[in-house]
Amino acid sequence: MSSRELILGRVRAALRDAPVVGDVPREYRPAGTNTADLEVLVDRLVDYKAEVYRVTSAEVAATAARLAGEGGAVLVPPGLPEQWRPEGAYADEDLTPDRIAEAGAVLTAAAVAVAETGTIVLDASPDQGRRIITLLPDVHVCVLRPEQVVASVPDAIARLDARRPLTWISGPSATSDIELNRVEGVHGPRHLHVLILTD
């Protein structure tokens, strides 16, 4: 008798008296059940300590520059629309982590946003860039189009390509120490600013 047969025999013997489990219900809420509500998304984002601004496409660059702070350069992914790029912004062309961390802010687009959970999803598309560029700068400015907002997680899953590297963001980076004191910015940006386009 092989080791495999011995182990499987022991498992079968241990399960012999186990109760039979019936079918597990899989009545999950499917995509398309609810309508996306932009105001619910805004409420959730603010609750998570993100700041939300309603701007036009023409105002994105100036808003991002202001949020980067005095003298802070803005890092952008290579595929971000030119119109959104602040003056002096530099693109991530395989920059080193030190150069990325020097940015006053990073400005990206998004793939989708979930109103119910206040979550923004990035999928590393050219207008969102590598994950590292949204981790190291202290400020992340994310541009969101209203048509990218969906009601629930199943709706987001239906829109996303599971083969892409997905990053789900619910507010700025935050964690708790052993005494349950909230600490921000340990695992990513301390400040998340969401620019919702109005045009």
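Numbers here are sequence positions counted from 1. Computed from a predicted model, the values in this text were never measured in an experiment.
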If Ile, Leu, Val, Met, Phe, Trp and Tyr residues are connected whenever their side-chain heavy atoms lie under 4.5 Å apart, and connections chain through other members, are Val74 and Leu95 in the same group?
no
Do Ile196 and Trp84 belong together in a cluster built from hydrophobic side chains that touch within less than 4.5 Å?
no
Rounded to the nearest 0.5 Å, what separates atom CG in Leu197 from atom CG in Leu144?
7.5 Å
Tell me the closest heavy-atom pair linking Pro97 and Leu136, and the distance in Å.
O-CD1, 3.4 Å
Taking a hydrophobic cluster as the set of Ile, Leu, Val, Met, Phe, Trp and Tyr residues connected by side-chain heavy atoms closer than 4.5 Å, whether directly or through intermediates, do Val46 and Val40 fall within one such cluster?
no
Tell me which one of Val139, Leu80, Ile133, Leu107 satisfies side-chain contact (heavy atoms from CB on, under 4.5 Å) with Leu75.
Ile133
What distance separates Arg145 CZ from Thr198 OG1, expressed to the nearest 0.5 Å?
12.5 Å
Quick one: does Arg131's side chain have a donor or acceptor within less than 3.5 Å of a partner on Ala124's backbone?
no
Could you grab the distance from atom CZ of Arg159 to atom CG of Asp123, nearest 0.5 Å is fine?
12.0 Å
Rounded at 0.5 Å granularity, tell me how far OH in Tyr53 sits from CG in Leu67.
4.5 Å
For Pro172 and Ala50 the tightest heavy-atom approach is CD-N, 4.0 Å
Can you find a heavy atom in the side chain of Ser173 that is under 4.5 Å from one in the side chain of His140?
no
Can you tell me how far CZ of Arg12 sits from CD of Glu5, rounded to the nearest 0.5 angstrom?
9.0 Å
Quick check on the hydrophobic clustering: are Leu135 and Leu122 connected, directly or via other members, by side-chain heavy-atom contacts under 4.5 Å?
no
Student check: side-chain heavy atoms of Asp127 and Val143 closer than 4.5 Å:
no
For the side chain of Asp138 and the backbone of Pro189, is there at least one donor-acceptor N/O pair under 3.5 Å apart?
no
If you compare all heavy atoms of Ile132 against all heavy atoms of Ile100, which two are closest, and at what distance to 0.1 Å?
CG2-CD1, 3.8 Å
Least distance between heavy atoms, Gln128 atom then Thr108 atom
O-CG2, 3.7 Å
Give the cluster check for Tyr48 versus Ile120: same hydrophobic cluster or not, with ILVMFWY residues linked at side-chain heavy-atom distances below 4.5 Å.
no
Could you check Asp199 against Thr56 for side-chain hydrogen bond (donor to acceptor under 3.5 Å, both in side chains), going step by step and ending with a plain yes or no?
CA-CA 6 Å; Asp199 52 358; Thr56 64; 4.6 Å; no
Can you give me the closest heavy-atom contact between Glu102 and Arg99, atom names plus distance?
OE1-NH1, 3.0 Å
How many angstroms lie between CE in Met1 and CG in Leu6, if you round to the nearest 0.5 Å?
6.0 Å
Show the nearest heavy-atom pair for residues Ala36 and Ala151, with the distance to one decimal.
CB-N, 3.6 Å
Side-chain heavy atoms of Thr63 within contact of Val141, under 4.5 Å
no
Contacts of Arg163 that satisfy salt bridge (Lys or Arg N to Asp or Glu O under 4.0 Å) - sequence neighbours left out:
Asp161
Counting only heavy atoms not in Glu87 (residues, nucleotides, ligands), do more than 12 fall under 6.0 Å from its CD?
no
